[in-house]
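Taking it in order: structure first as structure tokens, then the write-up.
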Amino acid sequence: MNIIVCLKQVPATTEVKIDPQTNTLIRQGIKNIINPGDTHALEEGVRIKERCGGKVTVISMGPPQAEEALREAISLGADEAILLSDRAFAGADTLATAFTLAAAIRKIGQYDLVLCGRQTIDGDTGQVGPELAEMLGLALVAYALRIEEIAEGRMRVRRIIDEGLEVIEAPLPALVTVEKEINQPRLPSLRGISRSKSATIPAWTAGELGVDQSMVGLAGSATSVARLFTPQRTCQAEIFQGDLESQVECLVAKLKESGLV
Amino acid sequence: MEYFFSEQQKTIKSLARRIAEERILPVRAELDEMEEFPWAIIKDLAEADMFRVFIPEEYEGLGGGCLDLCLVVEELSRICAGVAVSYAASALGCFTLMDYGTEKQKHKYLPDIAAGKRLTAFALTESAAGSDASAIRMTAEKVEGGYVLNGTKQFITNGEVAEIYTVIALTDKTKGARGASTFLVEKGTPGFSFGKKEKKMGIRASSTTELIFRNCLIPEENIIGKPGMGFLMTMKLLDRSRPGIGAQAVGLAQGALEAAVDYARERVQFGQPLISLPVVQDMLADMAIQVEAARALVYATARMADSGARDFTEESAMAKVFASDVAMKVTTDAVQICGGAGYMKDYPVEKMMRDAKITQIYEGSNQVLRNAIAIEVRKRKARTE
């Protein structure tokens, strides 16, 4: 079973700071981690490999320092890692990201399963997995809670939907996005850490992927972020004094005055 | 203090700390309260390759020495000494096999131990043989094709949870200590059962039981080394394992010191945090000095063992005695600084104080070890006269 896991390096905080000029994340001084959702995808991939044999390849599109996240993935059980890094990839929205990842997965060639986290904690869109499945022409099972069975050519996956749970059978190769409940990711192992330190991680550029530069990065993005801001909280409190009866009268009068009732 | 660890040692230390903080800390109070063996954590330690640390590379280990093992034990003990001893006892239970076993024996058992699939235990103590280990009564009678074991071992760490037991028994009752031999006994061998599971003051997450042998026949190939070598092997084993108890004590004391500092910074009395009071500062400073001194002695002894030194009985005893006395003192002072809160089970320091006591008792009580140190001191003086 050859498994490809897509992961993203994200800032280790939910309080991201935004550069007001460029509307992009300020990465200075913030520790980077593997996107938490993607650690569950990686763990699932490693568990399937341990059960069925094969190998786990992790790929990530990002700046050169995203290599750290890939090394960490190797310490957590991945066999190989490939970084997709090129200035041309910068500023990608989900469409251009999925396009780039799809090109890399086609270049890898042999695979049975692609695993992604449900969504990232920085972009929060949850779109890349489904877009990637579409571009690669793969069956998609999103929001997976359990991979119940996986064997040559087929899998059965339990997933969560608004109305409850759904069990889907799909042919392989397929793409699965996982919920965090699917597993508890392991800690790194000493042998894994040692392997991760010496692993060679190739960095593929746009040229090596052979992609049309107008389809990647900012140029290939269908959307652009017009403005990113933390909404100002504007609420004013007014405390009514007096006994209960007069407080209620004041409140009713106030609500009527503001047209709320 | 800079201890100049190798890259590998730094990695081991930081991963052990991460396991302790992420996996042990959330459950330590419950494990202590319920006296529950930490199987889930043992699995985490196994998956992280922690049981490989002390096994040679040719048996699927990482080939680390005494110091590497001490670093893991210290980091685990900083959070829970009960979990730490369950891990460390598995090293104790296979060192004799590693040092004196045949290739066949080592290939049979060590890879599973390295993978954390099978825990081990070491069984010496009996009701009549504690500090006086030569007083053991358990017998191993040579019969056609093997040995028949009879007797009862007491207070055995990892009893019942271990799969492989290193057991000391007399093959020749007439020779006392010189008639003792070392055997490997697998769980499930007919005639081998477990007696009382002890309820303990501290290290309550660990399993401590009696081992009962009633006409337990084991194959001849399960003897380690030659008959009559058991006592000597055990003394060598304990020289090598005592720095590990020292490391357990250092970890405990470190955990207690950190808890005391945290509390002293937050607790306000007389309009200021406790940590601003000179009397509390004095206590914390003394605690810090003692912890660091104990750590330095434990590491130095571990490094001496790793350098291939043949005789380090005295140093090993010193490291264990000093560090365990420090653990008792520092955990007691930590409870004192935390006051009423520290005495309550909602705070971790009362557990640390209960856990610390055993480090002064097991693997040679501090009294018998001081006695051994004094003998060396006398011998040294006698040699120079």
Side-chain angles (χ1 to χ4, degrees), chain A residues 3 5 9 12-14 31-56 58 67-79 81 121 180-201, chain B residues 5-27 38-65 67-73 75-76 79 83 87 91 111 113-117:
Chain A
I3 301 157
V5 178
Q9 189 184 43
T13 171
T14 46
K31 201 176 148 243
N32 291 315
I33 54 169
I34 298 176
N35 175 54
D38 303 347
T39 63
H40 297 278
L42 173 61
E43 175 67 28
E44 201 57 28
V46 173
R47 287 187 189 187
I48 294 169
K49 176 193 78 170
E50 285 169 350
R51 264 199 325 270
C52 310
K55 72 174 181 185
V56 174
V58 282
E67 191 192 298
E68 298 158 22
L70 292 171
R71 287 202 187 277
E72 192 184 339
I74 291 174
S75 78
L76 294 164
D79 300 280
I121 55 166
K180 67 178 191 299
E181 289 77 13
I182 195 167
N183 56 42
Q184 188 194 26
R186 71 193 64 194
L187 292 166
S189 67
L190 292 170
R191 291 193 301 185
I193 292 170
S194 155
R195 212 166 39 241
S196 75
K197 282 180 179 164
S198 58
T200 311
I201 296 180
Chain B
F5 297 127
S6 67
E7 278 307 309
Q8 171 81 344
Q9 286 164 341
K10 284 180 196 162
T11 305
I12 289 171
K13 189 171 154 64
S14 72
L15 184 56
R17 173 166 293 213
R18 200 172 148 196
I19 294 170
E21 290 182 346
E22 290 182 21
R23 300 289 159 94
I24 305 178
L25 185 61
V27 294
W39 281 116
I41 299 164
I42 294 294
K43 185 164 175 282
D44 288 334
L45 291 168
E47 284 179 350
D49 293 331
M50 287 298 162
F51 289 97
R52 297 186 193 278
V53 165
F54 50 83
I55 307 268
E57 284 171 273
E58 54 268 47
Y59 311 105
E60 296 175 31
L62 291 166
L67 180 57
D68 304 58
L69 175 60
C70 282
L71 294 177
V72 181
V73 173
E75 287 300 335
L76 300 183
I79 302 299
V83 172
Y87 165 80
I113 298 169
K117 283 186 201 151

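Residue numbering restarts at 1 for every chain, and letters A, B, ... go by the order of the sequence lines.
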Could you list each donor and acceptor atom pair linking chain A to chain B at less than 3.5 Å?
{"residue": "Pro185(A)", "atom": "O", "partner": "Arg23(B)", "partner atom": "NH2", "Å": "3.1"}
{"residue": "Ser189(A)", "atom": "OG", "partner": "Asp49(B)", "partner atom": "OD2", "Å": "3.4"}
{"residue": "Leu190(A)", "atom": "N", "partner": "Ala48(B)", "partner atom": "O", "Å": "3.0"}
{"residue": "Leu190(A)", "atom": "N", "partner": "Asp49(B)", "partner atom": "OD2", "Å": "3.3"}
{"residue": "Arg191(A)", "atom": "N", "partner": "Asp49(B)", "partner atom": "OD2", "Å": "2.7"}
{"residue": "Lys197(A)", "atom": "NZ", "partner": "Thr11(B)", "partner atom": "OG1", "Å": "3.0"}

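What you find for Pro188(A) and Ala48(B) is that their closest heavy atoms are O-CB, 3.6 Å.
Contact annotation for Ile193(A): only side-chain heavy atoms (C-beta onward) come within less than 4.5 Å of a heavy atom of chain B. When heavy atoms are compared at a cutoff of 4.5 Å, Ile12(B) approaches chain A by way of both its backbone and its side chain.
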